[in-house]
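A quick write-up on the structure given underneath.
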Amino acid sequence: MISKLTPVSFLERSAAAFPDRVGVIDGERRLTWGELREHTRRLAVGLQAEGFERGDRVAFLAPNVPELLEAHFGVPRAGCVLVAVNTRLLADEVDYILRHSGSRLVVVDPSLAHLVPAGLRTLVIGESYEEFLAAAPDGEPEERLEDEEDTISINYTSGTTGRPKGVMYTHRGAYLNALSEALHAKLDSRSVYLWTLPMFHCNGWCFTWAVTAVGATHVCLPKVDPPEVWRLLEAEGVTHLNGAPTVLVMLASDPEARILERPVQVTTAGAPPPPAVIERTEALGFRINHVYGLTETYGPITICEWNSAWDELDAEERSRLKARQGLNMATADPVRVVDGEMRDVPDDGETMGEVVMRGNNVMKGYFAGEAATAEAFRGGWFHSGDLAVMHPSGYIEIRDRAKDIIISGGENISTVEVEKVLVSHPDVLEAAVVAMPDEKWGERPMAFVCLRAGAVLDAAELISFARRSLPGFKAPSAVEFGELPKTSTGKVKKFELRERARSAAARS
């Protein structure tokens, strides 16, 4: 009988190959692969012994700690479904997710216990959770995986335009996406992966399973603290890390930033990285993999696959090419860019359309959301809501979210295009552009800009700088300086900026 594809098998293999080698580092704490495997066995057996059935949901609310990594194997090994909850949500949002998912159990870090609503069974990490594991019977858990398409996890979207939706991943999809991540990130058993990306976010872009698949070392990090990241890069011999472009900005601008003694592979996604950010980060010795995806695609689904013919280009041109979102990853189906009639747009690098995708690395659907699932998959393809162009090379390049495009005087303005120009200014650390209501033109671009420490720049100077590279109608008509509001995964909260832009327009 052919085995079913499941990422749970990755831990079994690594524990067999490297039972006594350290697989997880958490400060001074060290876990071997054999110990990690034993913890997950106890979790799985304990759940089954307490009557948890196939398909029951088990929630974890914790930062990047070993227990959350264990959950990615122990919960599905019991036949249950993992719900890894965003640790930066408010109590009301956590309550909604736990109740919507129907989670029978919540395992929570002590620092987050106040977010768990009363009435739900709760185990606290470092306390009752350890007692639960210690009481688990001997022996292996009963095999309950009946189909590769069984749900392995439910990941909730950010919910910026309404209540979050529960995205269902399958064992097969998680297995295949994890292999793609390992392949494209060039992970192997000597790699050391630093958890700068939240494990709760798309199951850590499936790196919870990918790092384990090759027997690399996990280095846990509860939150992104740039000085601590720079310390760990050297102290633990880190070779890989992941994060949104804002993480790259934080690392490159930190006082501890320095040229690395050895290269570190970085996989970045979450927002189109401006070429200037790529150039600055790679100058420090980071090697960047630019990928693209959504919660609904298990995290990354495309990669800007590097062409060796580009090696001889200057740094600016290389960064411009690397800022493209590229083409499908090794285990994913090709993505398309289509018009409103589902026709492929010309591959001219100019005509915009919506990015659509389907295949093994696209979600099973939204949990308890049949209508939303049907709408998302209209025409048989998942609709991303992202607007892109298709280049002659077959590489896509994201130009905007459909909801973020600015229409000024009948002309479309890509906020990403304007942001790239603004960030190329040497005094600009980050920039976000949104539509500001305008009586004459309908909408005009407004920029929100975070400057580098100690920089002095006024709005008129920056607008003049933008006009050197952009047509006048695309340049910002207003600029506000300050920190940018971010989501828990480092994305800019543009819905907040749009409200601020509307208020600014009302005052003018």
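Residue numbers run from 1 in the order of the sequence given. If you're wondering where the values come from, they're calculated on a predicted model, not measured in any experiment.
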Note, W209 side chain near L11 side chain (heavy atom, < 4.5 Å): no
Check whether R190 reaches the backbone of L187 with its side chain - one donor and one acceptor, N or O, closer than 3.5 Å. no
Pairs meeting criterion side-chain hydrogen bond (donor to acceptor under 3.5 Å, both in side chains) with involvement of residues 211-225, two or more places apart: W195-H218, T212-H218
Under 3.5 Å donor-acceptor, Y129 side chain and D109 backbone: no
Side chains of Y292 and V355, heavy atoms from C-beta outward: is any pair under 4.5 Å? yes
Taking E148 for the side chain and L5 for the main chain, is one N or O donor matched with an acceptor at less than 3.5 Å? yes
Aromatic contact between F10 and F73, with the criterion being ring centroids under 6.0 Å apart: yes or no? no
Electrostatic pair E430:R280 at N-O distance under 4.0 angstrom: no
Judged by modelled atom types alone, do N242 and Y193 share a side-chain donor-acceptor pair under 3.5 Å? yes
Would you check if V249 and V423 make a side-chain contact, meaning some heavy-atom pair closer than 4.5 Å? no
Check this for me: R287, atom CZ, are more than 12 non-hydrogen atoms of other residues, nucleotides or ligands nearer than 6.0 Å? no
Here the gap from S103 atom OG to R121 atom CZ, rounded to the nearest 0.5 Å, amounts to 13.0 Å
According to the interplanar angle, ranging from 0 to 90°, do the rings of Y156 and Y96 count as parallel (below 30°), tilted (30 to 60°) or perpendicular (above 60°)? perpendicular
With sequence neighbours excluded, tell me which residues meet salt bridge (Lys or Arg N to Asp or Glu O under 4.0 Å) with R77. E12, E140
State whether K420 and D400 are salt-bridged, where the test is any N-O pair (Lys NZ or Arg NE/NH1/NH2 against Asp/Glu carboxylate O) under 4.0 Å. no
Spell out, as yes or no, whether a donor-acceptor pair under 3.5 Å connects the side chain of H290 to the backbone of R324. yes
Side-chain donor/acceptor of T373 to backbone N/O of Y366, under 3.5 Å: yes
Just by distance, do the side chain of T239 and the backbone of G237 share a donor-acceptor pair under 3.5 Å? no
Inspect the contact between E316 and R320 and indicate whether a charged nitrogen and a carboxylate oxygen are less than 4.0 angstrom apart. no
Looking at CG of L233 and CG of L251, how far apart are the two atoms once the value is rounded to the nearest 0.5 Å? 7.5 Å
Let's go through E70 and L36 carefully: what are the C-alpha distance in whole Å and the side-chain angles of both, what is the deciding distance for side-chain contact (heavy atoms from CB on, under 4.5 Å) to 0.1 Å, and is it a yes or a no? CA-CA 7 Å; E70 294 165 6; L36 182 66; 3.4 Å; yes
So how far is it from L105 CG to T122 OG1, rounded to the nearest 0.5 Å? 7.5 Å
Would you call K4-D150 a salt bridge at under 4.0 Å N-O? no
Test side-chain contact (heavy atoms from CB on, under 4.5 Å) on W381 and V335; report intermediate values, then the result. CA-CA 10 Å; W381 291 74; V335 302; over 6 Å; no
Quick check on R258: does its CZ atom have over 12 non-hydrogen neighbours (other residues, nucleotides or ligands) under 6.0 Å away? yes
Strictly distance-based, threshold 3.5 Å: is any side-chain N or O of H184 a donor or acceptor partner for the main-chain N or O of N289? no
H39 NE2 to E35 CD distance, which is reported to the nearest 0.5 Å: 6.0 Å
To the nearest 0.5 angstrom, please state how far the CZ atom of R37 sits from the OG atom of S14. 12.5 Å
Got I25 and V192 here, is their nearest side-chain heavy-atom distance under 4.5 Å? no
Side chains of P7 and I152: does their closest heavy-atom pair fall under 4.5 Å? yes
Test F286 against W230 for ring-ring contact (aromatic ring centres under 6.0 Å, His included), laying out the working first. CA-CA 12 Å; F286 293 97; W230 280 105; 5.8 Å; yes
Verdict with reasoning, E149 to R172, per side-chain contact (heavy atoms from CB on, under 4.5 Å): CA-CA 6 Å; E149 296 299 323; R172 178 182 178 85; 3.3 Å; yes
Heavy-atom check, side chain of V94 versus side chain of I97, under 4.5 Å: no
Does S153 use its side chain to pair, donor to acceptor, with the backbone of Y169 at less than 3.5 Å? no
Flag yes if more than 12 heavy atoms outside E236 fall under 6.0 Å of its CD atom; otherwise flag no. yes
Can you give the donor-acceptor pairs under 3.5 Å from side chains of residues 303-310 to other protein atoms, not counting sequence neighbours?
from: W306; atom 1: NE1; to: D311; atom 2: OD1; distance (Å): 2.7
from: N307; atom 1: OD1; to: A309; atom 2: N; distance (Å): 2.9

Any side-chain heavy-atom pair from V85 and L98 closer than 4.5 angstrom? yes
Do we see a donor-acceptor contact under 3.5 Å between the side chains of T331 and N361? yes
4.5 Å side-chain heavy-atom contact, L197 and F207: no
Less than 4.0 angstrom from a charged side-chain N to a carboxylate O is my criterion; do E282 and K322 meet it? yes
Carboxylate-amine/guanidinium contact K165 E375, below 4.0 Å: no
For V389, does its backbone N or O pair with a side-chain atom of E397 as donor and acceptor, under 3.5 Å? no
One should read off an interatomic distance between M357 CE and I301 CD1, to the nearest 0.5 angstrom, of 5.0 Å
Judged by atom type as modelled, is there a donor-acceptor pair below 3.5 Å linking the side chain of N177 to the main-chain atoms of P300? yes
